[in-house]
Amino acid sequence: MPLGDPHGANFEYTVEGLPESIHVCTIPVKDVSRAIGFYTDILCMELLEKDDEVAYLIRGACRIILRRSQTTGIDTGLYFGVDSPYNTRRRLIDEGVVFVQEPKHGPFGTFCSIRDDDANVIHLIETKAEFRI
């Protein structure tokens, strides 16, 4: 009997239950209260809830959790979707954000990379890109 089928029927799996998107991501920060400023003031995210250990933020379909950690300054591997990495770069340069990768073409579209206030690397990728296969 397949796990998850309490009736023991023969069920053929197709795409049911497979991941379709990243729903929430976690970013490590040293000080949650201080880190909130970067994400709300610079990336215009809305703060939903916070305490000393964790903060929950949202902007559109982008949901992040800032979690207190002694380990920061990592490449998060996260790619936030933006309309244009070029427009984002122009906007964030005016805010003093540090870029670690200028806009560059990749297999999933054009992307650039920034550092948050905890030196974590976050990537920003265009959402309307044509995939190269």
Side-chain angles (χ1 to χ4, degrees):
M1 164 170 52
L3 185 63
D5 186 354
H7 304 292
N10 291 328
F11 181 80
E12 186 175 320
Y13 288 103
T14 56
V15 296
E16 295 84 1
L18 297 178
E20 295 178 3
S21 67
I22 295 174
H23 191 68
V24 179
C25 64
T26 301
I27 299 173
V29 297
K30 296 262 187 210
D31 180 323
V32 172
S33 293
R34 182 189 52 76
I36 288 170
F38 178 84
Y39 292 90
T40 58
D41 298 342
I42 305 297
L43 299 183
C44 298
M45 299 193 85
E46 177 186 348
L47 176 64
L48 298 177
E49 185 178 322
K50 82 171 190 77
D51 61 31
D52 290 340
E53 298 293 316
V54 67
Y56 301 90
L57 298 104
I58 189 169
R59 176 167 172 71
C62 185
R63 298 172 181 93
I64 64 169
I65 299 169
L66 301 177
R67 186 172 308 278
R68 192 168 72 86
S69 173
Q70 294 306 310
T71 305
T72 62
I74 64 167
D75 183 339
T76 63
L78 301 171
Y79 286 74
F80 292 160
V82 296
D83 67 340
S84 164
Y86 298 103
N87 291 341
T88 303
R89 182 177 183 278
R90 184 172 29 256
R91 178 184 186 127
L92 296 183
I93 281 176
D94 289 344
E95 298 290 338
V97 173
V98 175
F99 277 76
V100 295
Q101 173 65 60
E102 301 298 319
K104 175 181 174 180
H105 297 289
F108 294 122
T110 303
F111 70 95
C112 59
S113 306
I114 62 173
R115 288 195 193 280
D116 69 7
D117 291 341
D118 284 284
N120 294 310
V121 176
I122 298 166
H123 310 278
L124 308 164
I125 191 164
E126 64 184 326
T127 55
K128 306 235 188 261
E130 294 288 324
F131 297 120
R132 291 188 306 195
I133 298 179

Might you work through the side chain to side chain contact (heavy atoms under 4.5 Å, CB included) test for Asp118 and Arg34, ending with a clear yes or no? CA-CA 10 Å; Asp118 284 284; Arg34 182 189 52 76; 2.7 Å; yes
I'd like to check Val121 versus Ser113 (side-chain heavy atoms, cut-off strictly below 4.5 Å). Are they in contact? yes
In terms of hydrophobic clusters joined by side-chain contacts under 4.5 Å, are Leu43 and Phe99 together? yes
Within a strict 4.5 Å, meaning less than it, do heavy atoms of the Leu124 and Cys112 side chains meet? yes
Distance, nearest 0.5 Å, that separates OG1 of Thr26 from CD1 of Ile65: 4.0 Å
Are Leu57 and Leu48 linked, directly or through intermediate hydrophobic residues, by side-chain heavy-atom contacts shorter than 4.5 Å (ILVMFWY only)? no
Would you sort out whether Asp75 and His123 count as a side chain to side chain contact (heavy atoms under 4.5 Å, CB included), showing the intermediate values? CA-CA 9 Å; Asp75 183 339; His123 310 278; 2.9 Å; yes
So, for Thr110 and Pro103, which heavy atoms are closest and what is the spacing to 0.1 Å? CG2-CB, 4.1 Å
Would you please name every residue forming a side-chain hydrogen bond (donor to acceptor under 3.5 Å, both in side chains) with Ser33, sequence neighbours left out? Lys50
Shortest non-hydrogen contact from Tyr86 to His105? OH-NE2, 4.0 Å
Tell me, yes or no, whether the heavy-atom count around Arg59 atom CZ, taken from other residues, nucleotides or ligands under 6.0 Å, exceeds 12. no
Do Ile114 and Val100 belong together in a cluster built from hydrophobic side chains that touch within less than 4.5 Å? no
Look at atom CZ of Arg91 and say whether more than 12 heavy atoms of other residues, nucleotides or ligands are closer to it than 6.0 Å. no
Under the salt bridge (charged side-chain N to carboxylate O under 4.0 Å, His left out) rule, collect the residues that match up with Glu95, sequence neighbours excluded. none
One should read off an interatomic distance between Ser69 OG and Ile74 CD1, to the nearest 0.5 angstrom, of 7.5 Å
Atom CD1 in Ile122, atom CG in Leu78: separation rounded to 0.5 Å? 7.0 Å
Would you give the length of the straight line joining atom OG1 of Thr40 to atom CD of Glu46, rounded to the nearest 0.5 angstrom? 10.5 Å
Non-hydrogen atoms of Val32 and Leu66 that approach each other most closely: CG2-O, 4.2 Å
Please report the interatomic distance OG1(Thr88) to CZ(Phe80), rounded to the nearest 0.5 Å. 12.0 Å
Examine Ile58 and Ile27 and state if one hydrophobic cluster contains both, with Ile, Leu, Val, Met, Phe, Trp and Tyr joined whenever side-chain heavy atoms are less than 4.5 Å apart. no
Please check if the number of heavy atoms outside Asp41 that lie under 6.0 Å from its CG is greater than 12. yes
Backbone N/O of Tyr39 and side chain of Asp116: donor-acceptor pair under 3.5 Å: no
Does the Glu126 side chain pair with the main chain of Gly109, one donor and one acceptor, at a distance under 3.5 Å? no
Do Phe111 and Lys104 touch side chain to side chain, with heavy atoms closer than 4.5 Å? yes
According to a hydrophobic-cluster definition based on side-chain heavy atoms being under 4.5 Å apart (Ile, Leu, Val, Met, Phe, Trp, Tyr only), do Val82 and Ile93 belong together? yes
Could you check whether any side-chain heavy atom of Tyr56 comes within less than 4.5 Å of a side-chain heavy atom of Val24, counting everything from C-beta outward? no
To the nearest 0.5 Å, atom CZ of Arg68 lies from atom NZ of Lys30 at 10.0 Å
